[in-house]
Protein chains: 2
Amino acid sequence: MRHKNNEKSRKIIAAATKIFAKKGFYKAKVSEIAQEAGIADGTIYIYFKHKDDILIALFEEKMREVLDNMKKQISLESDPFAKIERFAYFHLKLIEDNKDMAEIIQVELRQSSKFMKNYQNKKFAQYLDLIGDIIQEGKEKGLISQDIIPGIAKRAFFGALDEMSRFWVLSKRRKYDVETAARQISSYFINGIKN
Amino acid sequence: MRHKNNEKSRKIIAAATKIFAKKGFYKAKVSEIAQEAGIADGTIYIYFKHKDDILIALFEEKMREVLDNMKKQISLESDPFAKIERFAYFHLKLIEDNKDMAEIIQVELRQSSKFMKNYQNKKFAQYLDLIGDIIQEGKEKGLISQDIIPGIAKRAFFGALDEMSRFWVLSKRRKYDVETAARQISSYFINGIKN
DNA sequence: TTTTAATATGAATAATCGTTCATTTTTTAA
DNA sequence: TTAAAAAATGAACGATTATTCATATTAAAA
């Protein structure tokens, strides 16, 4: 039954999210994931061909969620600067609400190019492009300086948010709240690029 | 003889830099590092107790270099904004000139908290604080808005540069040159935080 | 030169874990 | 209800690889 299979896949991914976040991909044992999911070791291999595939499926599922959610959020605003501010807030909010996912994306996504030679993270590129598109729109509306290179600016903005996330994810306590961090970071950026 | 030992340690670290960058920590075999260094597998264990220790020593050595170099660069400027610009340029230049090191710091440093429970990267914190101190100085001189929170701003700026590095390190070709990227990123930031 | 100490070697060890598959259990179809 | 198919199990396998250590080599001291 198609429905049940998806259910079990998701159960495995949910378990893997927890275990990968806690131990990292390499130190996470397949048997631990199985135990967390409440199934036998071998069952995992009915749904995933290799351990790697669990991580890839995890990326795909989470990134799809994140991307869809952010698209919706952005569409609620019409002003490019308001979009940027909203992006910052919801990005950081997402991190706060999904620590395990955030930790995996922070840590494992970066090394994914090493152990999965051919895996191209298209969803991540699309996520970055959400910012790129806002900047492009702002330039066209004359709100953002023509000197700004969207390919650099989108990375600078994402990187600023991402480093903040890293700090939260890897340290135990949150020193700044989401609202403050989002407001600060988006205001540096908006003031920095506006015409 | 002290001198010779240090020499061999460095030879091992140099070899490890190459291998870790190419394969990542977990996929790098100790025997490969030994081969790259032109020594026997066992010899590595005279200089390092565990594989982990090679990576830690590597971090320490590289970060010390990076930190020393950047301190010198910053001290050449007196104006906080000029310091920021110089920081951006030399950070990106360093990445460009030391691809292997950059790749390791990008990828392995992030997961270091996972496999080395007790390793605190003090040098990295100091590196971030170089930016924090510049911002503090700028605030005191009235050049930077009092609303700016150095603990957030330093991460935002570093993150912007770091994301650019990530792009360079993980993609094959460099799309933007160092000068352009440094100028863009530091100008967003400076305009964003100035009074 | 001879003795002693320090270094280096690399084959052997031992532990780890991803993956398989013969068997059992559950579900579906007849 | 019974037969066939699908899904699940988990013990066993086998490949990998960090680390050790008995032996050999080189350097230092006597």
Side-chain angles (χ1 to χ4, degrees), chain A residues 1-59 104 107-108 111-112 114-119, chain B residues 1-59 104 107-108 111-112 114-119:
Chain A
M1 209 193 279
R2 184 71 42 97
H3 176 59
K4 275 258 173 83
N5 281 354
N6 269 335
E7 225 168 62
K8 193 149 286 187
S9 274
R10 263 190 251 114
K11 208 161 104 183
I12 293 168
I13 289 176
T17 303
K18 209 164 167 180
I19 304 294
F20 286 160
K22 184 151 65 189
K23 307 221 168 177
F25 178 79
Y26 285 103
K27 291 211 163 172
K29 291 174 214 152
V30 173
S31 61
E32 285 178 293
I33 296 171
Q35 186 171 39
E36 175 73 33
I39 57 177
D41 295 14
T43 308
I44 287 187
Y45 287 86
I46 297 169
Y47 296 91
F48 299 95
K49 221 162 165 8
H50 306 284
K51 190 185 174 189
D52 287 9
D53 295 336
I54 305 174
L55 187 57
I56 292 176
L58 191 159
F59 282 159
I104 292 172
V107 174
E108 310 299 337
Q111 64 166 197
S112 65
K114 288 246 182 304
F115 67 86
M116 301 180 276
K117 279 287 174 227
N118 52 343
Y119 178 61
Chain B
M1 209 194 283
R2 185 71 43 99
H3 177 60
K4 273 260 173 82
N5 282 353
N6 270 334
E7 226 168 61
K8 192 150 286 184
S9 275
R10 263 190 250 115
K11 209 161 104 180
I12 293 168
I13 289 175
T17 304
K18 209 166 167 180
I19 304 295
F20 286 160
K22 185 152 64 187
K23 308 220 168 178
F25 178 79
Y26 285 103
K27 290 211 162 173
K29 292 174 213 153
V30 173
S31 61
E32 286 178 292
I33 296 171
Q35 186 170 40
E36 176 73 33
I39 58 176
D41 296 15
T43 308
I44 287 188
Y45 288 86
I46 297 168
Y47 296 91
F48 299 95
K49 219 161 165 11
H50 306 284
K51 190 185 174 189
D52 287 10
D53 294 337
I54 305 174
L55 187 57
I56 292 175
L58 190 160
F59 283 158
I104 293 172
V107 173
E108 309 299 337
Q111 63 165 203
S112 64
K114 288 246 181 304
F115 65 88
M116 300 179 279
K117 280 286 174 229
N118 53 341
Y119 178 60

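All values below were derived from every heavy atom in this structure, side-chain atoms included, with hydrogens, water molecules and symmetry-related copies excluded. Below, chain A is the first sequence line, B the second, and so on; all start at residue 1.
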What does the list of N/O pairs under 3.5 Å between the protein and nucleotides 19-23 of chain C look like, with a distance for each?
residue : atom : partner : partner atom : Å
C:dT19  : OP1  : A:H50   : ND1          : 3.1
C:dT19  : OP2  : A:Y45   : OH           : 2.7
C:dT19  : OP2  : A:K51   : N            : 3.0

Exercise. How many angstroms lie between CD1 in B:I44 and NZ in B:K8, if you round to the nearest 0.5 Å?
Worked result: 11.0 Å
Rounded to whole angstrom units, what separation is found between the [atom1] atom of [X] and the [atom2] atom of [N]?
X     : N      : atom1 : atom2 : value
B:K23 : D:dT16 : NZ    : C1'   : 13 Å
A:Y26 : D:dT17 : OH    : P     : 11 Å
B:K29 : C:dG10 : NZ    : C1'   : 16 Å
A:N6  : D:dA7  : CG    : P     : 12 Å
A:I33 : C:dC17 : CD1   : P     : 12 Å
B:Q35 : D:dT17 : CD    : C1'   : 15 Å
A:I39 : C:dT26 : CD1   : C1'   : 16 Å
A:K27 : C:dT16 : NZ    : P     : 12 Å

[X] vs [Y] side-chain heavy atoms within contact, under 4.5 Å:
X      : Y     : result
B:I104 : B:L55 : yes
A:V107 : A:F20 : no
A:I54  : A:Y47 : no

Side chain of [X], backbone of [Y]: donor and acceptor closer than 3.5 Å?
X      : Y     : result
B:K23  : B:K29 : no
A:E108 : A:F25 : yes
A:K51  : A:A28 : yes

Exercise. Considering only C:dT7, D:dT9, C:dG18, which nucleotide approaches the side chain of B:I46 most closely?
Worked result: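 Within the option list, the nearest is C:dT7.
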Exercise. Among the nucleotides C:dC17, D:dA8, C:dA8, which one has an atom lying closest to any side-chain atom of B:Y47?
Worked result: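 In terms of side-chain proximity for B:Y47, the closest of C:dC17, D:dA8, C:dA8 is C:dA8.
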Exercise. Does a nitrogen or oxygen in the side chain of B:K8 sit under 4.0 Å from OP1 or OP2 of C:dA8?
Worked result: yes
For this session: Remember a base hit wins even if backbone is also touched, and classify A:A34 as base, sugar-phosphate or nothing at under 4.0 Å, heavy atoms.
Result: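 Nothing, no heavy atom under 4.0 Å.
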